[in-house]
There are 2 protein chains.
Amino acid sequence: MSQPDTKQRILCAAEHFFARDGYHPTSLRSITTEAKVNLAAVNYHFGSKESLLEAVIERRLNPLNEIRLGQLEALLEKTERAGETPMCREVLRTFVEPTLCLRLHGSDSEDFVALIGRILAEPRGVAMTIFMNHMEPLMNRLFQALALSLPEWSRQTLFWRVHFAFGSLSHIMRCHERHSIVPDDVNIDVPVDDLVDIFLDFATAGMEATQ
Amino acid sequence: MSQPDTKQRILCAAEHFFARDGYHPTSLRSITTEAKVNLAAVNYHFGSKESLLEAVIERRLNPLNEIRLGQLEALLEKTERAGETPMCREVLRTFVEPTLCLRLHGSDSEDFVALIGRILAEPRGVAMTIFMNHMEPLMNRLFQALALSLPEWSRQTLFWRVHFAFGSLSHIMRCHERHSIVPDDVNIDVPVDDLVDIFLDFATAGMEATQ
DNA sequence: GTATGATTTAAACGTTTGTTTTAATCGGGT
DNA sequence: ACCCGATTAAAACAAACGTTTAAATCATAC
């Protein structure tokens with residue numbers, strides 16, 4: 001093979017454009033031009049534009065969800081051994097920290113974070129079905145764990161608050177671009193660890209709020 | 001004029017499709033078919049597809065922001081007369097309640113809420129610039145009011161938390177469709193007033209969280 | 001070296017897109 | 001009754017889209 005990484009180059013270029021411009025506005029021609037491959041390579045290697053999107057999602061989401069699930073199970077095991085109940089903040093952290101870590105410069109997954117943020121914002125989009133299939137087991141486990149850490153709240157209340165927390169998270173996943181109104185004296189480039197804590201302060205308080 | 005409401009019918013149909021499918025996937029042909037007008041009517045009355053989007057946004061956003069700003073100014077006047085500081089929850093309410101009220105069945109603005117939710121999720125989209133121009137004055141005023149009600153927090157902290165709160169809000173604006181995983185025993189159709197309170201419980205606690 | 005399967009290439013495919021054009025039709029003022 | 005600007009209608013426009021085709025090229029095994 002003269003260029004053994006054709007598929008990878010397509011995946012990277014597609015990830016880049018899908019994240020920046022969205023799925024529909026991105027043409028296969030712009031992807032293949034950026035990837036320096038022939039136009040037909042997409043259909044040859046992936047079958048269709050939609051299958052390409054699926055491949056882009058799966059390449060990063062599967063490893064990410066394994067990390068998330070691993071951390072969550074580890075936390076649950078640890079607290080159960082100690083006869084304790086997991087803290088809401090720590091449950092959330094197992095989900096949030098691996099996510100925001102991908103925003104690190106040079107993590108080569110920066111685009112993916114923005115892409116997921118966009119997917120979460122397109123309720124009936126092509127990507128949502130693909131995405132949700134890969135998220136459902138983890139989501140159910142996370143919901144269980146949160147119910148364990150917040151036994152005083154009804155499932156109804158819990159559901160909405162998880163919803164809100166995910167809304168917040170998906171919002172900042174989209175926003176390494178500053179498309180919102182940023183006051184002059186606010187620095188938007190905070191280290192990832194700080195951002196995780198800033199977010200967990202907010203989300204944990206929201207989850208634990210008295211009615 | 002045989003059909004004096006051609007423009008309005010186009011606006012409604014466009015709002016419907018833009019909200020459901022997004023801006024790019026929606027064709028002018030599907031809009032004009034639904035509106036029962038000729039294809040050329042869009043370009044005749046609005047100039048272009050993008051200008052149509054702008055008109056769709058402005059038709060509802062301007063009145064909405066007037067209500068929001070009116071309630072906010074009223075609150076600030078009232079508390080100032082009483083020599084008090086506005087409560088964070090009430091500041092947020094002036095923004096959130098008029099928004100979620102549009103989700104009411106039969107408010108004829110249900111589609112618009114979902115559309116705004118989508119716009120907020122497309123950082124570099126055509127709609128974002130249009131949208132932000134109309135939001136900036138209100139956003140600045142809201143940020144001022146929140147700083148007043150939460151004097152103990154730095155502008156940096158405040159900024160991020162406003163960001164999170166808006167993320168939560170935009171998320172539920174998109175989700176009168178149930179695209180997320182809903183447990184069987186959770187009823188997603190809560191009255192608007194209840195949803196406002198459920199949201200304000202979460203967001204206020206998040207805004208006021210101790211670090 | 002030659003045959004073989006995998007990959008790349010260039011070109012064309014048929015649709016669909018937003019927009020423009022040109023003619024037909026309408027409604028109110030003189 | 002007639003005219004005129006505003007609106008509607010049908011048709012065509014060029015451009016861009018995802019996909020397919022068929023030939024050329026490559027790497028590898030015999």
Side-chain angles (χ1 to χ4, degrees), chain A residues 1-59 115 118-119 122 124-130, chain B residues 1-59 115 118-119 122 124-130:
Chain A
M1 284 181 278
S2 62
Q3 292 174 326
D5 50 353
T6 299
K7 289 182 74 167
Q8 292 300 319
R9 290 225 309 286
I10 292 174
L11 286 170
C12 287
E15 186 176 65
H16 177 208
F17 280 106
F18 287 164
R20 203 193 61 180
D21 303 328
Y23 174 74
H24 279 103
T26 298
S27 70
L28 292 183
R29 282 166 177 84
S30 52
I31 292 174
T32 52
T33 301
E34 162 131 329
K36 295 194 175 67
V37 300
N38 189 271
L39 170 63
V42 168
N43 288 279
Y44 177 77
H45 285 288
F46 297 95
S48 69
K49 187 184 179 185
E50 194 166 327
S51 299
L52 170 61
L53 173 63
E54 189 163 351
V56 167
I57 293 172
E58 287 176 349
R59 179 173 65 143
L115 175 59
R118 297 191 71 121
I119 290 173
E122 292 193 21
R124 302 167 63 106
V126 267
M128 184 52 95
T129 317
I130 300 168
Chain B
M1 283 181 279
S2 62
Q3 290 175 328
D5 51 352
T6 299
K7 290 182 73 167
Q8 292 301 318
R9 290 225 307 287
I10 293 174
L11 285 170
C12 287
E15 187 175 66
H16 178 210
F17 280 106
F18 287 163
R20 202 192 62 181
D21 303 328
Y23 174 74
H24 280 102
T26 298
S27 71
L28 292 183
R29 282 166 178 82
S30 51
I31 292 173
T32 52
T33 301
E34 163 131 329
K36 295 193 175 68
V37 300
N38 189 270
L39 169 62
V42 168
N43 288 280
Y44 176 78
H45 285 287
F46 297 95
S48 69
K49 187 184 180 186
E50 194 167 325
S51 299
L52 171 61
L53 173 63
E54 190 164 351
V56 166
I57 293 172
E58 287 175 348
R59 178 172 67 144
L115 175 59
R118 297 191 73 121
I119 290 174
E122 292 191 22
R124 303 166 64 104
V126 268
M128 184 50 96
T129 318
I130 301 169

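Model, not experiment: these values are computed from the prediction. Lettering of chains follows the sequences in order, A, B, ..., and the numbering in each one begins at 1.
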Check your understanding: With B:Arg29, which residues qualify under side-chain contact (heavy atoms from CB on, under 4.5 Å), at least two apart?
Key -> B:Ser27, B:Leu39

Point to revise | Nearest-angstrom distance from the residue atom CG of A:Asn38 to P of C:dT8 | key: 9 Å

Point to revise | Between C1' of C:dT8 and CZ of A:Arg9, the distance in whole Å | key: 12 Å

**Study point:** Residue list, side chain to side chain donor-acceptor pair (under 3.5 Å) with B:Glu50, at least two apart or on another chain
**Key:** none

Check your understanding: By side-chain contact (heavy atoms from CB on, under 4.5 Å), which residues pair with B:Thr26, not counting sequence neighbours?
Key -> B:Phe17, B:Phe18, B:Asp21, B:Ser30, B:Ile31

Check your understanding: Under 4.0 Å: is that the gap between some side-chain N or O of A:Thr6 and OP1 or OP2 of C:dT8?
Key -> yes

Point to revise | Between C1' of C:dT20 and CZ of B:Phe46, the distance in whole Å | key: 18 Å

Study note, to complete from the structure: Separation of D:dA24 atom P from A:Tyr44 atom OH, nearest Å, is 18 Å

Practice item. Grab the CG-P distance between A:Asp5 and C:dT7 for me, whole Å please. Key: 13 Å

N/O to N/O distances under 3.5 Å, protein versus nucleotides 15-19 of chain C:
from: C:dG18; atom 1: OP1; to: B:Thr26; atom 2: O; distance (Å): 3.3
from: C:dG18; atom 1: OP1; to: B:Lys49; atom 2: NZ; distance (Å): 2.8
from: C:dG18; atom 1: OP2; to: B:Leu28; atom 2: N; distance (Å): 2.9
from: C:dG18; atom 1: N7; to: B:Arg29; atom 2: NH1; distance (Å): 2.9
from: C:dG18; atom 1: O6; to: B:Arg29; atom 2: NH2; distance (Å): 2.9
from: C:dT19; atom 1: OP2; to: B:Asn43; atom 2: OD1; distance (Å): 3.4
from: C:dT19; atom 1: OP2; to: B:Lys49; atom 2: N; distance (Å): 2.9

Review point. ring-ring contact (aromatic ring centres under 6.0 Å, His included): which pairs involve residues 27-54 of chain A, sequence neighbours left out?
Key: none

Review point. Side chains of B:Lys49 and B:Tyr23: closer than 4.5 Å at any heavy-atom pair?
Key: yes

Exercise for review: Taking side chain to side chain donor-acceptor pair (under 3.5 Å) as the test, write out the residues that go with B:His16, two or more places apart.
Suggested key: B:Glu34

Check your understanding: Quick one: A:Asp21 CG to D:dC17 P, roughly how many Å, whole number?
Key -> 12 Å

Review point. Hey, does the side chain of A:His45 come within less than 4.0 Å of C:dT8's phosphate (OP1/OP2), counting only N and O?
Key: yes

